[in-house]
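All values derive from a computational prediction rather than experimental measurement. First the proteins, then the strands, lettered A, B, ... as listed; each starts at 1.
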Amino acid sequence: ESKLADFPLAERIKAKVDAGQPLDIYVSYHDVSNEFAPFMKAGVARAAAEEKVNASFIGPVGADADGQISEIETLMGKMDGLAISSVSTDALAPLIDRVLAAGIPVVTFNTDNPDSKRLAFAGQDLVQSGREAGKLMAKVLGGKGKVMITTIDAAAQWSIDRETGAREALKAEPGIEVIQTLNTGTDPQKIYSAIENAMLANPDLTGVLSLECCSTPAAGTWVERNKAADKVKVVGFDLLDQTVGLVESGDIQATIDQAPEKQGFAAVDLLAKFVKGEPIADVDTGVGIYTKENIAEVAKK
Amino acid sequence: MTHPSSQDAIVKISGVTKRFPGVLALDRISIDFRPGEVHAVIGENGAGKSTLMNILAGDLQPDGGEIFVDGKPTAIATPLVSRAAGITVVYQELALCPTMSVAENIMMSDMAARSAVSIVPRDTMRAEARAALARLGMARLDPDTRVGRLSVAEMQLVEIARAIRQNARLLVLDEPNSALSKRESERLFEVVRQLRAEGVTVIYVSHHLAEVLALADRITVMRDGRTIETIANDGVSEDRLIRAMVGRDLDAATQWSLQAEGRSAGAAVALSVENLTAPGLSDVSFSVRAGEILGIGGLPDSGKDGLGEALFGLVERSGRVTIDGRELRPGDPLAAIRDGMSLVPADRRGAGGLLSMSVADNVVSASLPRFSMAGFLRRGAIRREARAQVARLDARISHLGQRLGTLSGGNQQKIILGRSLVTNPRVLVLHEPTRGIDVGAKAEIYSILRGIAEEGVAVVMISSEIPELIMNAERVLVLRAGRITGELSGAGVSEEAILARAMAS
Amino acid sequence: MADTVGTGARAPAMDRFSMSRLLRARETGVFVALVALCLFLAFATDGFLTSVNLLNIGRQISLLGIMAVGMTFVLISGEVDLSVGSTYAFSGLAAGMLIIAGWPLAPALIVGLLTGMAIGLINGVLSTYGRLPSLIATLGMLSMVRGAALILTNGQPVTVNVRNGADAGVLETFAFMGQGYLFGVIPMQLVFFIIVAALAWVVLSYTNFGFKVFAVGGSAKAARVSGISVNTVKICAFVLMGLLAAFAGILSLAFLPSGQAGRTGLGLELDVIAATIVGGASLSGGEGTILGTILGVLIIGVMRNGLVLMGVSPFVQELMIGLVIIIAVGIDKWTMRRRA
Amino acid sequence: MADTVGTGARAPAMDRFSMSRLLRARETGVFVALVALCLFLAFATDGFLTSVNLLNIGRQISLLGIMAVGMTFVLISGEVDLSVGSTYAFSGLAAGMLIIAGWPLAPALIVGLLTGMAIGLINGVLSTYGRLPSLIATLGMLSMVRGAALILTNGQPVTVNVRNGADAGVLETFAFMGQGYLFGVIPMQLVFFIIVAALAWVVLSYTNFGFKVFAVGGSAKAARVSGISVNTVKICAFVLMGLLAAFAGILSLAFLPSGQAGRTGLGLELDVIAATIVGGASLSGGEGTILGTILGVLIIGVMRNGLVLMGVSPFVQELMIGLVIIIAVGIDKWTMRRRA
Ligand SMILES: Nc1ncnc2c1ncn2[C@@H]1O[C@H](COP(=O)(O)OP(=O)(O)OP(=O)(O)O)[C@@H](O)[C@H]1O
Ligand SMILES: Nc1ncnc2c1ncn2[C@@H]1O[C@H](COP(=O)(O)OP(=O)(O)OP(=O)(O)O)[C@@H](O)[C@H]1O
Ligand SMILES: [Mg+2]
Ligand SMILES: [Mg+2]
């Protein structure tokens, strides 16, 4: 729990609060061009309206640590609060601490940065969500089989965290063997081709565990097109349109939602509350598990 | 101002001016070209001849003045307008596409006129190209050969072939035969006369006054961007033309004849070549004494064109090349220069000069170690040396920082020669040292070469211009099919003797 | 190459076909590399020489191939186009959004293709009349068009399905274009690639337009003095490139059937240029053949596939791809003693 | 330009400095664009003209700038290097791993720099003796070196901190290199950039080597006749490029202090080439100046900064970056009526 009383808030911000001016809050997302950015941004806008603050949604196009750092550096003099999802934990931690040292409150969202002194985190515990995915995979496979893990960026922080959790959960199942982690790259065509080739190379695969938004529907599509739903089970992440459809049709067995809109909302909400003097603590936006049974809840939008 | 003759002029140039940064290339030029005449345009290097031709071609736009085609003022805004007016130009700087075949190059303008979706008529193309080549006596040239693989002379012929098959009313030939052998040139002249007989007007730009006198009906002399005079070719003398071009009497330089035989007799051998075999050359051996000017002659594919690069070690070779007994290692130009050899290549725009660099930089580029200290350039020394060379060679430049590529060709040639002189060579190899150079500059270059020979430099002069060999060389070697077929010296050096050995079978 | 008869380096095997002709052609090096690679894979893996796998490769290379055909024209004309990955994304997504908006197929596709041609036109005009080096003009456009695609889609994925509003009938045809099989066997993408390559081969080798592309790339000056409108020809090459990049982008969307402006086609330009240059086109213009480009595309596709089949780690794959590019082009250079 | 004395087009403002001289120089267009941009931002934003912000810009452009200086040499010599982003990643990570492994600073840095030089050497040898177009050779190396970096780090992020095993003393100096401020004010990265640029300017304008770089890029054949060893000079340019890419990569790691082989420096090559060409270097060789390159780097850095300060949406930023690249080079071309 963090309290304003323990925080050396910058005079500039204090004056603004006292004068009753709206705060300028910046929300830096690690890649504003990915599919979640619009949801996060919507949550940010909702919170800004509710809390009567100015919120700007910023961040690099394409995950780029240097770009994220430069942008925050440039805007540091203007920000009254920063919510950040780091491209790289290690690279952003020193900057977060620098911003805090300038008397500007910082929270993390979506991707935590535990190495920094951030005040609080709003989002999913990534290792935990990976663990959940691993458990789901084990469940749909009935405890035995050969699993391939796919990710569009094996080296990204979120991917590493989820993979850690997933492998941990799968290791607990003696009947399950993880054969490889497939790094597909981010272009949709390349993702699909990589999966297609990997399936051909490993005809005895029985499970695909995707760690993110985008190789999930690609794996589901492969299953759909090859009518392999009985042979190959897919567990993945997020509720992209295509993913929802593939869960409905039974080509993807389960998907884990991370409620991006809620994360964006919570990020701004935490900062606004903190500056008002309310104590804040980590917000777990939860792990939503969707299967054929409950997918109808999200399918109608 | 209207000449009475302007009515019959096919193209009339009136008061045309063209300015380049720092140069007034054309200064109110006026000439009229009449139907069915061969009209020679002569003048020193940089007089503005090519600039004028490029304006006729639609390649350059004049800054002032008017051009009348068939009496009507016409703005030749693009090459297309020029061609539509019946004008065809053979450029001094060849305008060929090296990646395409001979036939494709010859037929390029026909293709340009056709619709984009039409099918390329390969067979017709080949046949017509062959016909055009045959007219120049070049039937042996395979129309399917890639132009990039041709010799400069062959390229020049392809360019001419392309021009003559376009049925132009006005054909501009800007130094069309600077790379051609005598026989090829003769053939070209025949074609020119034939075209004249067909009523075609031919503008002929050349530095070969003998040719001009033999061919032209009228002659326009230009100097410093101005028309000096246009005279009918009825018994004018070469001297008269030279005086008009240069604006003064030339000294006796052009009247040189072979010097006494054995001028360098007794001097030590400076360059010795034993069993040299390289692309186009087999088993060539000769030696040159210090202070001797050795001429090398031969027809275009005799191997003489590869000799310079082979001696300098730019191509793979076998055999021994020694200077004062030290053997030169091939493939190491720096060592060759250090050991005393310097090369002036034939292709000045390609292999010769550093066109994007300044005159000063070019002058010292082959002697960098001497003009630097601890790796740093000695700018002051470089400028001094460059100024000295420019003065010695009487090169016309606007300043030492001018890019070489913006000089006229003759002046480029002088600077490249200067670069070689700065290396203090023991052996100077020159390939086509005066190609495209005006009479005045030629004379200057000859006297420079004699001067350095007198200082004890061995000079190897490889040239297609036989008179140049006769005039300067103490001894002439003739090449054919990669071998030496004759060595002439003293009174034995004559045009007939050289040609006989060059063509003997 | 030195001894090739016919149209020289351009289309050596064109006029008369013979084995010795083929072996002297510019493409030989790449061809040898490809055959060696295939032989190796046939022995080293068991999945390679199956019809399923070969058709898979065929499909996987098709979009790259269609774009590489366009790049062949641009490179021969003496220019380069870095904006193709962005065009691929923009045009595909634009067409997809129109389909989702309920448009019939033909107008949606035509508008998509027109956006590609418009981008090509801008590239061409900037690189000719605008006097910018095409590398800079198209690098600028790479960034601008990517930005435009992000703005157009607001960064949201575009998924073409009935739920999002696409008409079921339209969708069926659209999906067939990207996912279908001709005679139930040959992937439609491959069919399109073959058609595009065949047309391009005819245009480049037999038509006057092809002739002019070689001419302007070989020597702009020679072309100009012959009365060829250099700028027009280059602009046409860029427009063709834009059209083909848009077509590939649309097919990609039809296949997946989803795209996302932040990721689709990112970095594709280097793949396309690499394939084309491996196939013998030259950055300095005037050189290149469709056959060579196809071989270049195949080399890259076969190798990607083979590395996966052999279970090579993705990191080593990355390394091997670079190595094979160098070796494939190297074989060409190192085996030819003489060069024009 | 026509009236410059001395080294002519190479370094127009070099021999004698005068305003009219400067205004005729090749860099003028870019300079005008930069001034216009700065004036606009000074009025349109309030944070632009603060010393903090200007020093920020200084830091943000430094690594790009260091690499662009290297690229200037490569481009002038008539070649191009696409592998710089991978070298930046590989060498930085290699040095970082050595520091983590407990090595003292100097040897770790030297080994890091040597890896960069080795990559440059391979690029150079392939592009000269190997007779590959440098675009292809370095494109292959882009992929190979990236793969090697992934293999070296096993795809894991490399973070240089005490927890991972770095010596605290070593770390302090290392961190200072990337994060420190000279006199507490000037970012060390900027200091390094200034030093590198100054040295490069001297080398290019005043030394023998600089002369040779211009010569081989202007005309390789003519350089050979002048006794310049074309291959050696080109290889040196590549090695210098590799060294500077490695140096930038090491500084990046020292700044962040974390890198990751799959991502660090990805796509950087296009930024570096863009900055250099915006600054007036030409892809066809023989042209370019260090001053121009600095201006090119500044244009790109100032614009990125300005767009952020103005609160422009990131997608629009992407679009604007492309536009400004085109306009900056365009001003240069369109304002110069006559070109040599
Ligand atoms: N594009 C150009 N830019 C600047 N100066 C030029 C240009 N073209 C020609 N010049 C200059 O104009 C003058 C006339 O050149 P031009 O080529 O017409 O001479 P020329 O009579 O053909 O000479 P030559 O006998 O050497 O061919 C020369 O001083 C030359 O340097
Ligand atoms: N300043 C310049 N800038 C660009 N191009 C130039 C410049 N000066 C000359 N040129 C080009 O170089 C060509 C050669 O110039 P010019 O005709 O004067 O020399 P040349 O004909 O090679 O000389 P020569 O008569 O001695 O053979 C010009 O026609 C022109 O195209
Ligand atoms: Mg001339
Ligand atoms: Mg001339």
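Rounded to the nearest 0.5 Å, atoms CZ (D:F211) and CZ (B:F371) are 10.5 Å apart. For the atom pair B:L368 CG and D:S226 OG, the distance stands at 8.0 Å (nearest 0.5 Å). For the atom pair D:I228 CD1 and B:L354 CG, the distance stands at 6.5 Å (nearest 0.5 Å). Distance check, rounded to the nearest 0.5 Å: OG of D:S229 to CG of B:L334 gives 8.0 Å. Taken from CE in B:M357 to CD in D:E287, the straight-line distance is 11.0 Å, to the nearest 0.5 Å.
For B:L314, the parts lying near chain D are the backbone and the side chain together; criterion is any non-hydrogen pair under 4.5 Å.
Ranked by non-hydrogen atom pairs under 4.5 Å with chain D, the options B:G375, B:G313, B:S372 are led by B:G375. Comparing D:A215, D:G217, D:G218 by how many heavy-atom pairs each has under 4.5 Å with chain B, the most go to D:A215. Ranked by heavy-atom pairs shorter than 4.5 Å toward chain D, the options B:S420, B:P345, B:S365 are led by B:S365.
Nearest heavy atom pair, residue B:G353 against residue D:A222, reads O-CB, 3.4 Å. Closest approach of D:S205 and B:L377 over heavy atoms only: O-CD1, 4.2 Å. Nearest heavy-atom pair, B:I337 versus D:V225, reported as atom, atom and distance to 0.1 Å: CD1-O, 3.8 Å. The two residues B:P333 and D:G227 come nearest to each other via the heavy atoms CB-CA, 3.7 Å.
Counting non-hydrogen atoms of neighbouring residues, nucleotides and ligands closer than 6.0 angstrom, the CZ atom of B:R326 exceeds 12 such neighbours. Under a cut-off of 6.0 angstrom, the local environment of CD in B:Q61 is crowded, with over 12 non-hydrogen atoms contributed by other residues, nucleotides or ligands.
When side chains are defined from C-beta on, B:D361 does not count as touching D:F214, because their heavy atoms never get closer than 4.5 Å. Looking at B:F376 and D:T207, their side chains come closer than 4.5 Å, going by heavy atoms from C-beta outward.
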